[in-house]
Amino acid sequence: MSERLRDVVGQLAVRPADRVLEIGCGQGVAATMVCQLLSTGTLTAIDRSTKMIEAATRRNAVYVASGKAEFLIASLEDANLGDRRFDLVFAVRVGLFHRDPDRARALLAPWLAPGARVQSFFDVPV
């Protein structure tokens, strides 16, 4: 597991009942770590890449089968998450959060539960 992602997930302060949304989940490594911290909570993860969603779904098959996690092909700009509400939203290395955080937050607004936490992490790959 990536030490960087382990640090990111540690900073999220995931609570066992959180409804979590990950934007740009890639291969689902952070999603696995988040799911391990959830008891009654759930994770929804989106990524615009079909290949990444397929990889994340395979990596997290046990969580998908139990209903704890779902992986959807979508960009934040095009996502349709219906009536879902999230207590915690996070993104790692998602350009929109770095370039235009106000727009990113506005796109999330319909799905934020009262008191929701939104955290983004953007570092240069090494």
Side-chain angles (χ1 to χ4, degrees):
M1 294 279 175
S2 162
E3 206 50 47
R4 180 180 60 84
L5 287 179
R6 193 179 322 280
D7 183 54
V8 163
V9 172
Q11 291 180 55
L12 295 175
V14 176
R15 298 179 297 227
D18 275 343
R19 296 164 296 173
V20 181
L21 172 62
E22 181 180 7
I23 309 296
C25 66
Q27 296 181 19
V29 176
T32 301
M33 291 185 259
V34 168
C35 285
Q36 291 168 346
L37 299 171
L38 297 172
S39 56
T40 58
T42 58
L43 169 86
T44 298
I46 65 172
D47 198 292
R48 65 180 68 220
S49 166
T50 300
K51 287 185 179 185
M52 291 296 108
I53 289 298
E54 289 170 352
T57 300
R58 278 192 306 274
R59 174 186 295 274
N60 292 283
V62 66
Y63 299 119
V64 172
S66 72
K68 186 177 284 192
E70 65 178 337
F71 296 88
L72 307 172
I73 302 165
S75 66
L76 179 57
E77 296 87 347
D78 299 322
N80 179 1
L81 299 173
D83 62 356
R84 293 174 185 87
R85 296 295 175 270
F86 300 98
D87 306 300
L88 171 62
V89 178
F90 76 102
V92 179
R93 290 186 182 157
V94 175
L96 181 62
F97 284 85
H98 182 66
R99 288 186 314 274
D100 194 348
D102 291 336
R103 180 164 181 256
R105 181 76 183 212
L107 289 168
L108 290 174
W111 305 300
L112 298 179
R117 300 154 358 250
V118 177
Q119 293 182 259
S120 65
F121 304 85
F122 196 88
D123 59 349
V124 178
V126 289

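Along the sequence shown, residues carry numbers from 1.
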- Linking I/L/V/M/F/W/Y whenever any side-chain heavy atoms sit under 4.5 Å apart, do Val8 and Leu88 land together? yes
- Between Leu21 and Leu112, is there a shared hydrophobic cluster once you connect ILVMFWY residues whose side-chain heavy atoms come closer than 4.5 Å? yes
- Query: Atom CG in Leu81, atom CH2 in Trp111: separation rounded to 0.5 Å?
  - Reply: 4.5 Å
- So, are Glu3 and Arg6 salt-bridged, with charged N and O less than 4.0 Å apart? yes
- Query: If you group Ile, Leu, Val, Met, Phe, Trp and Tyr by side-chain heavy-atom gaps below 4.5 Å, do Met52 and Ile73 land in one group?
  - Reply: no
- Message: Has Arg59 got a side-chain atom pairing as donor or acceptor with Gln27's backbone, closer than 3.5 angstrom?
- Response: yes
- Out of curiosity, does Val34 fall in the hydrophobic cluster containing Val64 (side-chain heavy atoms, cut-off under 4.5 Å, transitive links)? yes
- Item | Nearest-0.5 Å distance, CG of residue Asn60 to CG of residue Leu43 | 7.5 Å
- Flag the pair Asp102 / Asp100 as yes when at least one side-chain heavy-atom distance between them is below 4.5 Å, and no otherwise. yes
- Query: Taking all atoms of both residues into account, what is the closest heavy-atom pair of Ala45 and Cys25, and its distance?
  - Reply: CB-CB, 3.6 Å
- Task: Check whether any side-chain heavy atom of Phe97 sits under 4.5 Å from a side-chain heavy atom of Val118, and report yes or no.
- Result: yes
- Task: Look up atom CZ in Arg19 and atom OG1 in Thr42, then write down how far apart they are to the nearest 0.5 Å.
- Result: 7.5 Å
- Task: For residues Gln11 and Phe121, report the shortest heavy-atom separation together with the two atoms involved.
- Result: OE1-CE2, 3.5 Å
- Nearest-0.5 Å distance, CZ of residue Phe71 to OG1 of residue Thr44: 9.0 Å
- Query: For the residue pair Phe122 and Arg93, what are the closest heavy atoms and their distance?
  - Reply: CD1-CA, 3.6 Å
- Query: What are the two closest heavy atoms between Gly26 and Ala56, and how far apart are they?
  - Reply: O-CB, 3.6 Å
- Glu77 side chain near Leu96 side chain, heavy-atom distance below 4.5 Å: yes
- Message: Tell me if a side-chain donor or acceptor on Asp18 pairs with a main-chain N or O of Val20 at a distance below 3.5 Å.
- Response: no
- Message: Please find the pair of heavy atoms, one from Arg84 and one from Leu72, that lie closest to each other, and give the distance.
- Response: NH2-CD1, 4.3 Å
- Are Val14 and Val89 in one and the same hydrophobic cluster, where Ile, Leu, Val, Met, Phe, Trp and Tyr link if side-chain heavy atoms are under 4.5 Å apart? no
- Message: Quick check against the 3.5 Å criterion: does Arg58 have a side-chain atom that pairs as donor or acceptor with the backbone of Ile53?
- Response: no
- Would one find more than 12 heavy atoms of other residues, nucleotides or ligands at under 6.0 Å from atom CG of Asn80? no
- Value for CZ (Arg105) from CG (Leu76), rounded to nearest 0.5 Å, stands at 12.0 Å
- Note on the structure: In terms of heavy-atom contacts, Arg85 and Ala113 come closest through CB-CB, 4.2 Å
- Query: Quick one: CG on Leu5 to CE on Met33, what's the gap to the nearest 0.5 Å?
  - Reply: 4.5 Å
- Evaluation steps, side-chain contact (heavy atoms from CB on, under 4.5 Å), between Gln36 and Tyr63: CA-CA 9 Å; Gln36 291 168 346; Tyr63 299 119; 3.2 Å; yes
